[in-house]
Amino acid sequence: CTLRRSTATGAPRGSSAIFAGLAGMSWRRSAGVSSRRGAATGVGCALGAGAAGGATAGLMGFTRAQVRPGVEVVADLVGLAAACDGADLVITGEGRADEQTLAGKAAMGVARHAGKAPVILLCGGLGPGAEIVESSGAFALIQPIVDRPTDLDTAMADTERLLANASARLARSIGIGRRLGTRGWH
């Protein structure tokens, strides 16, 4: 019997470091706390075994569970690599592009499978650390879909319209780029 567990993200600092400030603790101190707590089983610093990974840490500590990022599990199940093979452009999305995007959110998993195709990330908004995502080169374009000032509840209720409009704007932008390309603009 093989036991498998998928994790949401593989944040290199772990969620205890990210949320340490809420407890008045520095991220350096939280890293020490996390590693001491997991030292007995050897799972404290393993992928997905951070502050929110209690089930993962337990499975790893008491069984020989195989742990993989959830995006990789889903990518295998839906044949993402084959779907991206030979693509001219890959478009993906997520709720918010922020410092966690590069740490294993689904959009980053899609970008890893895109091969040489440029990847466009449509997102609900930009959060803390978005500039790191933009400068990483993982995405050719990061485009929030919100088209006017709004609150989160309103944006979520209006997601279908926002995404349809953002997709139409993106298609027009690609069309303009193609026309400019035929004129020799680089």
Side-chain angles (χ1 to χ4, degrees), residues 4-19 27 46-53 55-56 66-178:
R4 294 186 177 98
R5 166 87 165 120
S6 63
T7 62
T9 63
R13 292 186 346 212
S15 52
S16 59
I18 292 166
F19 296 110
W27 72 266
L47 173 70
T56 300
Q66 298 173 358
V67 179
R68 291 179 61 205
V71 67
E72 295 302 323
V73 173
V74 173
D76 287 349
L77 290 172
V78 302
L80 182 60
C84 290
D85 188 38
D88 294 321
L89 177 67
V90 174
I91 301 173
T92 188
E94 70 180 26
R96 184 172 80 169
D98 58 26
E99 62 189 5
Q100 290 292 300
T101 299
L102 299 176
K105 282 186 176 178
M108 190 63 209
V110 172
R112 284 191 192 109
H113 285 84
K116 295 182 180 183
V119 180
I120 295 175
L121 171 58
L122 296 177
C123 59
L126 301 174
E131 65 281 353
I132 296 167
V133 180
E134 290 181 312
S135 66
S136 73
F139 303 97
L141 174 67
I142 300 173
Q143 183 64 55
I145 66 170
V146 176
D147 56 8
R148 62 184 64 115
T150 188
D151 61 73
L152 179 60
D153 290 336
T154 302
M156 291 192 57
D158 203 18
T159 300
E160 186 175 347
R161 182 193 66 79
L162 292 170
L163 190 54
N165 289 348
S167 298
R169 287 191 306 273
L170 177 59
R172 286 192 303 273
S173 297
I174 291 169
I176 291 168
R178 289 180 56 129

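Worth knowing before you read on, the calculation uses all heavy atoms, side chains too, and leaves out hydrogens, waters and symmetry mates.
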- Item | Residue pair Thr150, Asp158: steps toward the side-chain contact (heavy atoms from CB on, under 4.5 Å) verdict | CA-CA 10 Å; Thr150 188; Asp158 203 18; over 6 Å; no
Shortest non-hydrogen pair, Ile145 vs Gly124, comes out as CG1-CA, 4.2 Å
Residues passing the side chain to side chain donor-acceptor pair (under 3.5 Å) test with Gln143, sequence neighbours excluded, are none
Closest heavy-atom pair, Ala97 versus Leu121, reported as atoms and distance to 0.1 Å, is CB-CD2, 4.0 Å
To the nearest 0.5 Å, atom CG of Leu122 lies from atom CG of Leu170 at 6.0 Å
Value for CG (Leu162) from CG (Asp147), rounded to nearest 0.5 Å, stands at 5.0 Å
Name each donor-acceptor pair under 3.5 Å that joins a side chain in residues 70-81 to protein atoms two or more places apart or in another chain, with its distance.
residue: Asp76; atom: OD2; partner: Arg68; partner atom: NH1; Å: 3.3
residue: Asp76; atom: OD2; partner: Arg68; partner atom: NH2; Å: 2.6

Sorted by chain and number, sequence neighbours left out, salt bridge (charged side-chain N to carboxylate O under 4.0 Å, His left out) with Arg169 holds for none
So CZ of Arg178 and OG of Ser173: to nearest 0.5 Å the spacing works out to 13.5 Å
Note: Pro144 and Leu126 closest approach over all heavy atoms is CG-CG, 3.8 Å
Side-chain donor-acceptor pairs of residues 130-140 under 3.5 Å, sequence neighbours excluded:
residue: Ser135; atom: OG; partner: Glu131; partner atom: O; Å: 3.1
residue: Ser135; atom: OG; partner: Ile132; partner atom: O; Å: 3.2
residue: Ser136; atom: OG; partner: Val133; partner atom: O; Å: 2.7
residue: Ser136; atom: OG; partner: Ala138; partner atom: N; Å: 3.1

Those residues at least two apart in sequence (or on a different chain) that pass side chain to side chain donor-acceptor pair (under 3.5 Å) with Asp151 are Thr154
Throw together a table of side-chain donor-acceptor distances under 3.5 angstrom for residues 83-95, partners on residues two or more places apart or in other chains.
residue: Glu94; atom: OE2; partner: Thr101; partner atom: OG1; Å: 2.5

